[in-house]
Amino acid sequence: MAIEKTPELMDKLVSLCKRRGFIFQSSEIYGGINGFWDYGPYGTALKRALEKLWWHEMVESRMNVEGLDSTIICHPKVWKASGHLDKFGDLMTDCRDCKSRHRVDQMEDESVCPNCGSKNLTEPREFNLMMKTYVGPVSDEDHVAFLRAETCQPIFVDFHQVRIAARQKLPFGIAQVGKAFRNEINPRNFTFRSREFSQMEMEFFCAGEEDMQWYEYWKDVRINYCKEKLEFAEDEIRIHEHEQLAHYAKAAIDIEFKFPFGWGELEGVHHRGTWDMSRHQEFSGEKLEYFDQDNNRHFAPTVIETSVGLDRTCLAMLCHAYDEDMAETQKEGMDKDVRVVLHFPAKVAPVQVAVMPLSKKLGDEAENIYKIVRESYRSEFDITGNIGKRYRRQDEIGTPYCVTFDFDSREDNKVTVRHRDTMNQDRVSIDQLKQYFADKI
RNA sequence: GCGGGUGUAGCUCAAUGGUAGAGCCCCAGCCUUCCAAGCUGGUCGCGCGGGUUCGACUCCCGUCACCCGCUCCA
């Protein structure tokens, strides 16, 4: 990497994301809305590629993980059982003097700050991270529902249905990708903390005595995924072992990424014990135990969870990929120019191959190549401006390969493949092009 | 949510209480046959809402958004 990942890099990245259509503010023409972000053409391609990679690794390439796509709105009792509603239903007040925050129901005197004794307090406010809505045409308290705050709860709720339909025995997992919503107090750091975001979660159900074995297994799988599939460097990620565990957890790690604004959680591997399943059993009155035929016993499954923030993965990938180097230029009065490059792994790059004619006169022939390439890869055709400019455009969106059809191509049926990272070029026969990329992508 | 800062074109930034400018980008044409070249032309803007004023991008109030610090993060 030619540049350091300083906090100022975020500004450049946010600007690049907007300019080139990766990510920009939601509802921008109305002034934007805090904590919500839209993905443009390249951002969508990146996000879908990352999702697809995860789904393939976690579901499609395994016999013991099944897919689920549940609703965003569930029965309100789901969130009662999960603890989300009670945990964040408190009235809170802030002290304007010492900046501390307190639960009103725990204060001796509701008008005095327990920390510094000041009476300069904000009005008590309800503090619930769950997004509230109403189901049906009547907006009253009897019709309140919530947007899910995490995608895993419906997995627990649907456990038996999935297990029976898929004829799975323990141990096995259920995976889901989807939106989750949290009324974050303070969305910050671009898309890192948003109010609407995508999660990729897998809940692995096993017998209590095998729990740590599976916990260690998934921990290794997920860490290796970050290193090998996402190609994050050793010094870009670290493992954070939880010392203070959540009420439900027996063991937990976070995989953190070194963002320009500091270390931030990308993914968690959490041992959730039998807490969720027991709670849903208690609140629903339905038996959620598993019957182990081999040992003729009933038990509540223990859950090992892997939970990834998809938007955070996108952001981490952008931070990881961003680089600038000095390149030669033909601009008058300058002999060097800054080249912005996104070093995406080829399999997740929004555009994997860009096809372009050296001259507009070669447009038709080049377009025919493009039509072949796009059958197999995310591709783009560009005919505007000179060839150098088009290479730089592709560098900036992280396209690993550019294919150029030139005047010689008509004679020798070969095209130039230009590499993003090295700017080197290969001469490749058109009929071998598919195989050439199959080897590289 | 608290404190501070910032909002002018897609981006980076000017200017002015009296019709808003540049560079880059983008588009078209010419030229150019492998790394943002050159020439010509073109598109696009004062975050939003009030107020003061003959007149507000400029001054005042509010609001929204973004950035920094604190706080929060089951």
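The model shown is predicted, which means the values in this text are computed figures rather than measured ones. Heavy atoms only: backbone and side chains are in, while hydrogens, waters and symmetry mates are out. Chain naming here is simple, since letters A, B, ... match the order of the sequence lines and numbering starts at 1 in each.
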Geometric cation-pi criterion, A/Arg222 with A/Tyr225: 6.0 Å, 45°: yes
Specify the separation, in whole Å, of atom CZ of A/Arg392 and atom C1' of B/rC26. 18 Å
Can you find a donor-acceptor pair, distance only, under 3.5 Å between A/Asp406 side chain and B/rC34 base? yes
Does NZ or CZ of A/Lys440 lie under 6.0 Å from the centre of the six-membered ring of A/Tyr436, at an angle within 45° of the ring axis? yes
To the nearest angstrom, how far is A/Asp382 atom CG from B/rA36 atom P? 15 Å
How far does the P atom of B/rA56 sit from the matching atom of B/rC46, given to the nearest Å? 15 Å
Applying the 3.5 Å cut-off to both distances, the Watson-Crick or G-U partner of B/rG17 turns out to be none
Pick the P atom in B/rA20 and in B/rC68, then give their distance to the nearest Å. 34 Å
Please measure how far the P atom in B/rA15 lies from the corresponding atom in B/rU71, and state the result in whole Å. 38 Å
For residues A/Arg418 and A/Asp395, determine if any side-chain heavy atom of one lies less than 4.5 Å from a side-chain heavy atom of the other. yes
Quick one: is B/rC26 close enough that its OP1 or OP2 comes under 4.0 Å of any side-chain N or O from A/Arg393? yes
Given the C1' atoms of B/rA9 and B/rG69, what is the spacing between them in whole Å? 32 Å
Taking only N/O atoms, report every protein-nucleotides 66-68 of chain B pair under 3.5 Å with atom names and distance.
from: B/rC66; atom 1: OP2; to: A/Asn34; atom 2: OD1; distance (Å): 3.3
from: B/rC66; atom 1: OP2; to: A/Asn34; atom 2: ND2; distance (Å): 3.1
from: B/rC67; atom 1: OP1; to: A/Phe190; atom 2: N; distance (Å): 3.4
from: B/rC68; atom 1: N4; to: A/Arg188; atom 2: NH2; distance (Å): 2.8

Between A/Phe232 and A/His320, does the ring centre distance come in under 6.0 Å? yes
Kindly say if A/Lys389 contacts the phosphate of B/rC35, meaning a side-chain N or O under 4.0 Å from OP1 or OP2. no
Is A/Arg148 positioned over the aromatic face of A/Phe181, cation under 6.0 angstrom from the ring centre and no more than 45 degrees off axis? no
Would you tell me if any nitrogen or oxygen in the side chain of A/Lys360 comes within less than 4.0 Å of OP1 or OP2 on B/rG29? yes
Contact nearer the 5' end of RNA chain B, comparing A/Lys361 with A/Ile29: A/Lys361
A/Gln176 (side chain) donor-acceptor with A/Thr151 (main chain) under 3.5 angstrom: yes
Pairing check on B/rC70: which nucleotide meets the Watson-Crick or G-U wobble criteria with it, both distances under 3.5 Å? B/rG1
Look at the side-chain N and O atoms of A/Asn386 and state whether any lies under 4.0 Å from the OP1 or OP2 oxygen of B/rA37. yes
In whole angstrom, what separates A/Asp337's CG from B/rG38's P? 11 Å
If we take the P atom in both B/rG51 and B/rG55, what is their distance in whole Å? 11 Å
Rounded interatomic separation in angstrom, taking CZ from A/Arg390 and C1' from B/rA37: 14 Å
Atom pair distance, as rounded to whole Å: CZ in A/Arg427 and C1' in B/rC34: 10 Å
Give me the distance, rounded to whole Å, that separates B/rG10 from B/rC44 when you measure between the P atoms they each carry. 11 Å
Should the side chain of A/Ser15 and the base of B/rC11 be counted as holding a donor-acceptor pair, with the cut-off at 3.5 Å? no
Is there a donor on the side chain of A/Arg418 or the base of B/rC35 sitting less than 3.5 Å from an acceptor on the other? yes
Pi-cation contact, A/Phe24 with A/Lys18 (under 6.0 Å, within 45°): no
If B/rU58 has a Watson-Crick or G-U wobble mate with both distances under 3.5 Å, name it; if not, just say none. none
Tell which nucleotide pairs with B/rG41, taking only Watson-Crick or G-U wobble pairs whose two distances are both under 3.5 angstrom. B/rC27
Salt bridge A/Arg238-A/Glu256, side-chain N to carboxylate O under 4.0 Å: yes
Using Watson-Crick or G-U wobble geometry with both distances below 3.5 Å, tell me the partner of B/rU32, or none. none
What distance, rounded to whole Å, do you find between the two C1' atoms, one in B/rG21 and one in B/rA14? 7 Å
Pairing partner of B/rA22 (Watson-Crick or G-U wobble, both distances under 3.5 Å): B/rU12
Would A/Trp214 and A/Phe204 count as a close aromatic pair, with their ring centres under 6.0 Å? yes
Applying the 3.5 Å cut-off to both distances, the Watson-Crick or G-U partner of B/rU6 turns out to be B/rA65
Does a nitrogen or oxygen in the side chain of A/Thr384 sit under 4.0 Å from OP1 or OP2 of B/rC26? no
If the C1' atom of B/rA37 is compared with that of B/rC24, how far apart are they to the nearest Å? 15 Å
Between B/rG49 atom C1' and A/Tyr30 atom OH, what is the distance in whole Å? 15 Å
Calculate the interatomic distance between A/Arg19 atom CZ and B/rG23 atom C1'; express it in whole Å. 14 Å
Find the distance A/Ile23:CD1 to B/rC11:C1' and express it as a whole number of Å. 17 Å
Would you indicate whether the side-chain heavy atoms of A/Phe257 and A/Glu236 approach each other to under 4.5 Å? yes
